[in-house]
Visitor: 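One structure, pasted below without further comment.
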Amino acid sequence: MRIAGILIAGLLASAGCKDKSNAAASPDPAALKAQQELLSKRDELMAQQKKLEGQRDKLDEEIAAVSATGGDVSELAKKKAAIETALQGQSTDLTSLTSKLDQVVAQGGASANIATREATMASREKTVAGREKELGDRERQLAQREAGLAQREKETCGAAAPMIIQQVAAPKGDKYTRKEIEPLLGRARANMQKKGLLAGDLPAQVQGLEGEATRAMGDGDWGKAYLAAAQLSATVDAIKVDRGFISAKYARLQSRVKSAKVDESVRKQLTEGMGDVLQKYGDGDFAAANKKLNQLFSAVR
């Protein structure tokens, strides 16, 4: 009987240790709930932060575009400053939330740490999947707009008219100086800036005329310099930023995008931007569509 009593006592002690071990390994339900709530708040703050960063980046583009044309950027700068202030507040809140999360994790034990990591990974996977779906939806919308645009062009205007290179009569004699040539080059540059023309918007045969005129002046070949400058200026004058111009420029951008290697952020910017171009094109706002195309060209190297 004594031996049996000892065995029973040993079994009870063993069972008691096992129960204590299991209790220590089990996470605190209250701690887990607190972690999940903090993780949810953190994800919400990060989403808000990303949205504000996107708005700030868009304002940067608008400020750059307006500055390039000599416009007033004061209102845009105020909006950007407000967003920067909001981002600073978001960053402070995010730091505080992360600190609280670390404290709760420390109180919850090893099992709670594992649960937190699993919850974090699940949250990240959900966020990535959401972004991919959003980008896919935008690309499908863009493809539909492009198809509609192509059909509209077919039913209305047809193919874009080829750009005409303005021919200039060869100058007689060499009675030209820098005073006659530089104003022509200056006029061409000013009109390109005013119309929002890139070098690639000019016909291929005209794109090198500015350099040709400059070299000819250096060589003292004033007749050749005048001819190149006059032809460049006349061609730029004749270019109209209209439906055909935007269609051709949009096609060039598409071709460049297909051959370029871009990361996810640039790809997203291009998808949104090209949709914006099509919207402005459909509204007949060709100047705004051209300005947006210029921004997108600068994003693709």
Side-chain angles (χ1 to χ4, degrees), residues 64-71 149-150 153 156-257 259-260 273-274 277-278 280-281 283-301:
V66 173
S67 297
T69 59
L149 173 61
E153 287 295 307
T156 56
C157 305
M163 192 175 298
I164 299 175
I165 303 174
Q166 297 298 312
Q167 299 296 329
V168 178
K172 297 180 180 180
D174 293 332
K175 295 181 180 179
Y176 294 97
T177 66
R178 193 177 299 274
K179 291 181 179 181
E180 287 81 27
I181 299 168
E182 287 188 341
L184 289 173
L185 294 176
R187 175 185 175 86
R189 297 187 193 106
N191 278 339
M192 286 186 67
Q193 183 176 6
K194 181 179 179 181
K195 295 180 179 182
L197 303 182
L198 303 177
D201 294 332
L202 302 177
Q205 303 93 316
V206 177
Q207 292 177 14
L209 287 180
E210 182 177 358
E212 182 179 324
T214 302
R215 288 191 297 272
M217 283 192 292
D219 296 337
D221 191 344
W222 303 107
K224 182 178 180 181
Y226 180 86
L227 181 61
Q231 187 174 358
L232 173 64
S233 182
T235 301
V236 171
D237 284 347
I239 293 176
K240 294 181 179 179
V241 180
D242 53 12
R243 189 176 300 277
F245 176 90
I246 296 299
S247 296
K249 191 166 183 173
Y250 185 88
R252 290 204 314 275
L253 176 62
Q254 280 186 312
S255 178
R256 179 179 291 191
V257 170
S259 61
M274 293 174 83
V277 170
L278 290 176
K280 289 177 170 56
Y281 177 94
D283 295 339
D285 192 349
F286 304 126
N290 183 51
K291 183 182 293 185
K292 189 63 181 180
L293 281 170
N294 289 344
Q295 294 174 8
L296 298 178
F297 266 104
S298 67
V300 184
R301 302 296 181 185

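No hydrogens, no waters, no symmetry mates; every other heavy atom, side chains included, goes into these values.
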Visitor: To the nearest 0.5 Å, what is the distance between NZ on Lys292 and CG on Asp285?
Guide: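 Here the interatomic distance stands at 13.0 Å.
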Visitor: Answer yes or no: is there a side-chain heavy-atom contact under 4.5 Å between Phe286 and Arg243?
Guide: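 Yes, close enough: below the 4.5 Å cut-off.
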Visitor: Would you say that Gln205 contacts Thr235 through its side chain, given a criterion of any heavy-atom pair below 4.5 Å between the two side chains?
Guide: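 No - every pair of side-chain heavy atoms lies 4.5 Å or more apart.
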Visitor: Specify the closest pair of heavy atoms between Ser233 and Ala188, including all atoms of both residues, with the distance to one decimal.
Guide: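 In terms of heavy atoms, the two residues are closest at CA-CB, 3.9 Å.
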Visitor: Please find the pair of heavy atoms, one from Lys240 and one from Phe245, that lie closest to each other, and give the distance.
Guide: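 Looking at all heavy atoms of both residues, the closest pair is O-CB, 3.3 Å.
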Visitor: Looking only at heavy atoms, what is the nearest atom pair of Ala260 and Val300, with distance?
Guide: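 It is CB-CG1, 3.5 Å.
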Visitor: Work out which heavy atom in Ala229 is nearest to a heavy atom in Leu184; give both atom names and the distance.
Guide: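 Looks like CB-CB, 3.9 Å.
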Visitor: Measuring from Leu232:CG to Leu227:CG, what's the distance to the nearest 0.5 Å?
Guide: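 The CG atom of Leu227 is 11.0 Å from CG of Leu232, to the nearest 0.5 Å.
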Visitor: Flag the pair Arg252 / Leu293 as yes when at least one side-chain heavy-atom distance between them is below 4.5 Å, and no otherwise.
Guide: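 When only atoms from C-beta onward are counted, Leu293 and Arg252 do not touch, as no gap falls below 4.5 Å.
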Visitor: Looking at residues at least two apart in the chain, or sitting in another chain, which of them share a side-chain contact (heavy atoms from CB on, under 4.5 Å) with Gln207?
Guide: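 Only Leu202 meet the side-chain contact (heavy atoms from CB on, under 4.5 Å) criterion with Gln207.
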Visitor: Quick one: closest heavy-atom pair of Met217 and Trp222, and the distance?
Guide: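 Minimum heavy-atom separation between Met217 and Trp222: CG-CZ3, 3.6 Å.
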Visitor: Specify the closest pair of heavy atoms between Ala289 and Lys280, including all atoms of both residues, with the distance to one decimal.
Guide: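 Shortest heavy-atom separation between Ala289 and Lys280 comes out as N-CD, 3.8 Å.
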Visitor: Donor-acceptor pair, distance only, cut-off 3.5 Å: does the side chain of Lys195 make one with the backbone of Ile239?
Guide: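 Here the side-chain-to-backbone pair exists.
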Visitor: Sequence neighbours left out, what passes side-chain hydrogen bond (donor to acceptor under 3.5 Å, both in side chains) with Glu180? Give chain and number order.
Guide: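 Glu180: side-chain hydrogen bond (donor to acceptor under 3.5 Å, both in side chains) contacts with Thr177.
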Visitor: May I have all residue pairs that pass salt bridge (Lys or Arg N to Asp or Glu O under 4.0 Å) and include part of residues 204-219, sequence neighbours excluded?
Guide: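 For residues 204-219, and leaving out neighbouring residues, the salt bridge (Lys or Arg N to Asp or Glu O under 4.0 Å) pairs sorted by first residue read Arg189-Glu210.
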Visitor: Would you give the length of the straight line joining atom CG of Leu209 to atom CG of Leu185, rounded to the nearest 0.5 angstrom?
Guide: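 Here the interatomic distance stands at 9.5 Å.
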Visitor: Has the side chain of Ser298 got a donor or acceptor atom that lies under 3.5 Å from a matching backbone atom of Gln295?
Guide: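 Indeed, once roles are kept as given, a pair shorter than 3.5 Å links the two residues.
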Visitor: Is it true that Lys249 and Asn294 share a donor-acceptor pair across their side chains at a distance under 3.5 Å?
Guide: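 Yes, because at least one side-chain N or O of Asn294 sits under 3.5 Å from a partner of the opposite role on Lys249.
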Visitor: Hey, are the side chains of Leu197 and Val241 touching, using non-hydrogen atoms and a 4.5 Å cut-off?
Guide: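 The answer is yes, as the side chains (C-beta and beyond) meet within the 4.5 Å cut-off.
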Visitor: Less than 4.5 Å apart, side chain to side chain, heavy atoms only: is that true for Asp237 and Arg187?
Guide: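 In contact.
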